[in-house]
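Please read all numbers here as calculations on a predicted model, not as lab measurements. Proteins come first, then strands; the chains are lettered A, B, ... in the order of their sequence lines, and each starts at number 1.
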Amino acid sequence: MNLEGLEMITVLVVLGLFVKVLEQFRLFEPIGVEDSTEDDFELSTVCYRPEGLDKLQEQTKFTKKELQVLYRGFKNECPSGVVNEETFKLIYSQFFPQGDSSTYAHFLFEAFDTDKNGSISFEDFVMGLSIILRGTINDRLNWAFNLYDLNKDGCITKEEMIAIMKSIYDMMGKCTSPCMQDDTHREHVESFFQKMDRNNDGVVTIDEFIESCQKDENIMRSMQLFDNVI
Amino acid sequence: MAAGVAAWLPFARAAAIGWMPVASAPMPLAPREKRRAQDGFIILNVSGTKFQTWRSTLERYPDTLLGSTEKDFFFNEEINEYFFDRDPDIFRHILNFYRTGKLHYPRHECISAYDEELSFFGIIPEIIGDCCYEEYKDRRRENAERIQDDADDENNKEGVLPDMTLRQSMWRAFENPHTSTLALVFYYVTGFFIAVSVIANVVETVPCRASPGMIKDLPCGERYALAFFCLDTACVMIFTVEYLLRLIAAPSRYRFVRSVMSIIDVVAIMPYYIGLVMTDNEDVSGAFVTLRVFRVFRIFKFSRHSQGLRILGYTLKSCASELGFLLFSLTMAIIIFATVMFYAEKGSTASKFTSIPAAFWYTIVTMTTLGYGDMVPKTIVGKIVGSVCSLSGVLVIALPVPVIVSNFSRIYHQNQRADKRRAQKASKEAGQAFLNKTNLSFEKEHHHLLHCLEKTTNHKFVDEETYEKNCMEVSSVNPPGSHCSSISSQHGLTSTCCSRRNKKTFRLPNSSHAGSLQELSTIQIRERPLISNSRSSLNAKMEDTVQQNSEHPYVTAAIISIRTPPVTSPEGNNTSDSPDYSQRNIVKVSAL
């Protein structure tokens, strides 16, 4: 490197330092730098209050005391008043330690979140519970159908049923007896469709579903299990 | 499972509606439970301050005083309240623990008072939440040290304990000079001789007045050679004796020999002996001179006498990475500037920058702003580079120094905290086990829920060992012929669903494994592969005991069931053999 090249480099370095000094004094704003706007101050907590107790009592079939107990439990776990999907999955997974309950919890979340705003408020929660625990058998079957019908188009296709069945089997986890095969749930879906799909068109509509369930003794009996949960 | 999540159990059971239409087997019966009375208030009167809460809040932790029937001892009929003659301020925190599930430690409270309250109410302190746990442990440690110091002073005043051997008392005297006057004397004598030796080393190089008859000045060491030699011999004698005595008295000689202080001792006295052995040979005298340099290491023997030196050494050791980074960045800068300087000054005549390594010296002197002036650039470019070099030198050296200084204290404290946390981890697990106890009806309902899931999918929960065994024997059609799984297929469950569940629920809030803490378990069934424990018969047993002890709503203790004989009909039939079942096979272990 000869001296002239080195001189040029040092001159450039000195120029660069000069520009930096000018920038410091804000006499020279280089183009292309925008003022960073201040971040919007996001409220870190979202507070949500449910409707009044009387209104909820009209809309659901719970008594006032039951609603109070339910709300206290709800608020304890979710002080902000709404449950988002993550919290929902976390809570549900604590009951099923051996398996992976996140998919089924996701389906449940979709079923409870009736207004589709991405979070379950106390009203959604209590309405859902009211149907399941205090509704008629038909209401309960309707609710179950709504749970299975993932895209809410009025009929259950085989793919939807396979997804649901897989999520239920996932909750069992790995360590089961007999060993879980890969297509256990598919066989289960096949037998389900055989039982439910009357006209063999590959989908189960709400009428077929209710009709088939009413004919099945076991299902009817199991629906009555929910009378005494609360 | 957190107490709050227990409140969501009805929801989980309701959500099971999704399994019903697809179930392949009939569902088990729901647990029959008496319709519990509406949740009522309970008033706790603590030294006049009244606290009110729901009964179910207190029932969340059945293994404490307030959660169990032990509080009945404090029920006062006259005022119809539970009266406790304790501190209401601390009780506030204890009651908050029931409400929120987290125990906090208030900083203004005395640690021993707090500990006493916790132990009175049957709460183990390991469950203190993370926010307050550090503080709690620090205060506790300080307190323990203070007590220990007081005890030590007592001990020291008493003198030698009767059962200490001579060797142990010698070691104690060496390590703590304040224990006896003899040790103190020894301490001061060695300190004095270290100082004398170092001063002699320094003085013997000073030029003394020439003795009459000599022309030039001699160093004092050569003039009064004999005197210095005698002094040196005396010091080395003392050091050798001290080293040998320490070696004899050390409880672990191997560890003593490897310790830093003993190495310093050896290095300090070796040159003398090597000098004795070697003759006045021209060849080796150069090496001999070098050895004498090591005599200066005697000054490090002072670190036994000075706490500060020891701390400094330790912090330097722990800051080594920071120092290494500083050195590395300095080296980089030096090389860059030396190179540029060399090429800049290459053209000038009679340049002192003969090579890049020669330019290193200039760069170091400039960057540390010493500026000796023995090498100066003469060209303009060289001067510019030189000025940039000195400016950047100030930055490069000044910047990391405060970082290092703050790192010292941070790393020092962090090291202490990491060690503390490791020691505390085991006790934290104990705390988690304590927290995860729940009451019995909750367990029953949860069992029923899991049982429903099994029925839906027509598979059963098993533990890992049985699962592995089953999957090994894929050939046989039926569930393989281990006794337990055949029983389990009849009964609907193998044991360790519950223990596994307990373990897994520990895993969710924090990833610690509580399996080792057997003595703090509630319904924790031991993981022996041949144990089968029917959950439905567990339900039956529970109901039975609940029915029998209708006045005591809780079966408070841990229940460990041993291997049960096969019960023919799984659900609902609990009358026939449950009495002797309960006596024979239930081992009640109280956790507290």
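Between A/F145 and B/P21, every side-chain heavy-atom pair lies at or beyond the 4.5 Å cut-off. Taking the side chain as every heavy atom from C-beta outward, B/W19 and A/M171 approach each other to under 4.5 Å. Proximity of A/M223 to B/I17: side-chain heavy atoms (C-beta onward) are separated by under 4.5 Å at one or more points.
In this structure, no portion of B/I380 lies under 4.5 Å from any heavy atom of chain A. Proximity to chain B is limited to the side chain of A/L108, based on heavy atoms less than 4.5 angstrom apart. Only the side chain of A/L147 has a heavy atom closer than 4.5 Å to any heavy atom of chain B. Only the side chain of A/T184 comes within contact range of chain B, with at least one heavy atom under 4.5 Å from a heavy atom of that chain.
For the atom pair A/H188 NE2 and B/H459 NE2, the distance stands at 10.0 Å (nearest 0.5 Å). A/D216 contributes atom CG, which lies 12.5 Å from atom CE of B/M20 (distance to the nearest 0.5 angstrom). Atom NZ of B/K460 and atom CE of A/M172 lie 8.0 Å apart (nearest 0.5 Å).
Shown here is B/K102, whose NZ atom has no more than 12 heavy atoms of other residues, nucleotides or ligands within 6.0 Å. Atom NZ of B/K346 sits in a sparse spot, with 12 or fewer heavy atoms from other residues, nucleotides or ligands closer than 6.0 Å. Annotation: A/K152, atom NZ; neighbour count of heavy atoms from other residues, nucleotides and ligands within 6.0 Å is above 12.
A/F125 has its ring centre less than 6.0 Å from the ring centre of B/W8. Here the two rings, on B/F11 and A/F74, have centers that are 6.0 Å apart or farther.
Comparing B/T456, B/L453, B/I384 by heavy-atom pairs within less than 4.5 Å of chain A, the highest count is held by B/L453. Of the residues considered (A/Y148, A/F107, A/Y92), A/Y148 shows the highest number of contacts with chain B, using heavy-atom pairs under 4.5 Å.
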request  = Dump the intermediate steps for side-chain contact (heavy atoms from CB on, under 4.5 Å) on A/F95 and B/L450, then the final yes or no.
outcome  = CA-CA 8 Å; A/F95 294 102; B/L450 293 173; over 6 Å; no

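B/A14 and A/I132 get closest at one heavy-atom pair: O-CG2, 3.5 Å.
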